[in-house]
Every structure is written in structure tokens, then in C-alpha cells.
Amino acid sequence: MNAVHNVMETAVRDLLDQQWENLSISCHCEMCKLDVYALSLNRLKPRYVRDQSGSMYAKASLMTTQARATILTAITESAKVVSAYPHH
Ligand SMILES: [Zn+2]
């Protein structure tokens, strides 16, 4: 049972990689980045897909301006939390 995939993970990771350098956060280390990544995913609704064609469709639906804005808001909010309560 290894056949489902949450495309939201890919979308958040892509956007986080793109925005990481510009993000206002107290620390830009890999640990804090993973914290922001996990927190963001907890805030967003997962999009599970079973196969490749479903994944293409779901990915496209996460590329819209609205979807990207929602994801970016989750990332920004998570960065604030990690800045306030860093784990190291
Ligand atoms: Zn850090």
C-alpha cells in the first residue's frame, strides 16, 4: 500500500524552495525549513492521489494563483510560528 501520494507535499515543497530566501524568519537553517514545511502541511488540506494521471490533474489545480496564495499564506504563518518558537 505504497500507491497514494499527497500532491500538496510537492506543491508546498516547491513554493517553500522558491520563497525560502525571501521569507521573513529568524533562522534560515535546514531544521527550521523542515519545521515550516511540516507546519504548513498541517494547515493545508492534503490532496491524495492514487496514480500518475490523477497526480497531474491535482498538481495543475495547485498551480492556480488562488491555490498558490493559500499555500504561501500557510508558509508565511508557519514561518512566524517557527520564528517565535524555534526548536533549537
Ligand atoms: Zn534554524
Side-chain angles (χ1 to χ4, degrees):
M1 277 294 282
N2 196 19
V4 294
H5 173 62
N6 177 10
V7 290
M8 186 58 91
E9 288 182 19
T10 317
V12 172
R13 186 174 286 262
D14 285 353
L15 213 56
L16 187 57
D17 277 341
Q18 281 170 31
Q19 302 295 329
W20 182 242
E21 298 301 324
N22 309 318
L23 214 59
S24 103
I25 185 166
S26 59
C27 171
H28 278 88
C29 81
E30 207 54 33
M31 224 194 299
C32 290
K33 191 176 182 179
L34 279 173
D35 281 343
V36 172
Y37 178 54
L39 275 176
S40 302
L41 282 173
N42 285 338
R43 287 167 181 268
L44 295 158
K45 233 169 74 184
R47 288 285 182 89
Y48 289 102
V49 294
R50 178 178 56 81
D51 60 19
Q52 202 59 32
S53 56
S55 148
M56 291 301 283
Y57 171 77
K59 256 184 211 158
S61 75
L62 290 176
M63 297 293 277
T64 63
T65 310
Q66 183 57 51
R68 286 173 62 94
T70 304
I71 296 169
L72 201 54
T73 302
I75 290 174
T76 308
E77 290 298 312
S78 303
K80 276 186 207 157
V81 174
V82 174
S83 291
Y85 307 99
H87 285 175
H88 63 88

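Just follow the structure's listing: the first ligand is 1, and inside any ligand the first atom is 1.
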Which is it for Arg47 and Ser61 under the side chain to side chain contact (heavy atoms under 4.5 Å, CB included) test, yes or no, and what are the steps along the way? CA-CA 10 Å; Arg47 288 285 182 89; Ser61 75; 2.9 Å; yes

Using only atom types and a distance under 3.5 Å, with no angle test, would you say the side chain of Thr70 pairs donor to acceptor with the backbone of Gln66? yes

Non-hydrogen side-chain atoms of Arg13 and Lys33 separated by less than 4.5 Å: no

If I take every N, O or S atom of Cys27, is at least one of them less than 2.8 Å from the Zn ion (ligand 1)? yes

Student check: side-chain heavy atoms of Met8 and Ile71 closer than 4.5 Å: yes

Please find out if the Zn ion (ligand 1) and some N, O or S atom of His88 are separated by less than 2.8 Å. yes

Calculate the angle formed at the Zn ion (ligand 1) by SG in Cys32 and SG in Cys29; 10° precision is enough. 110°

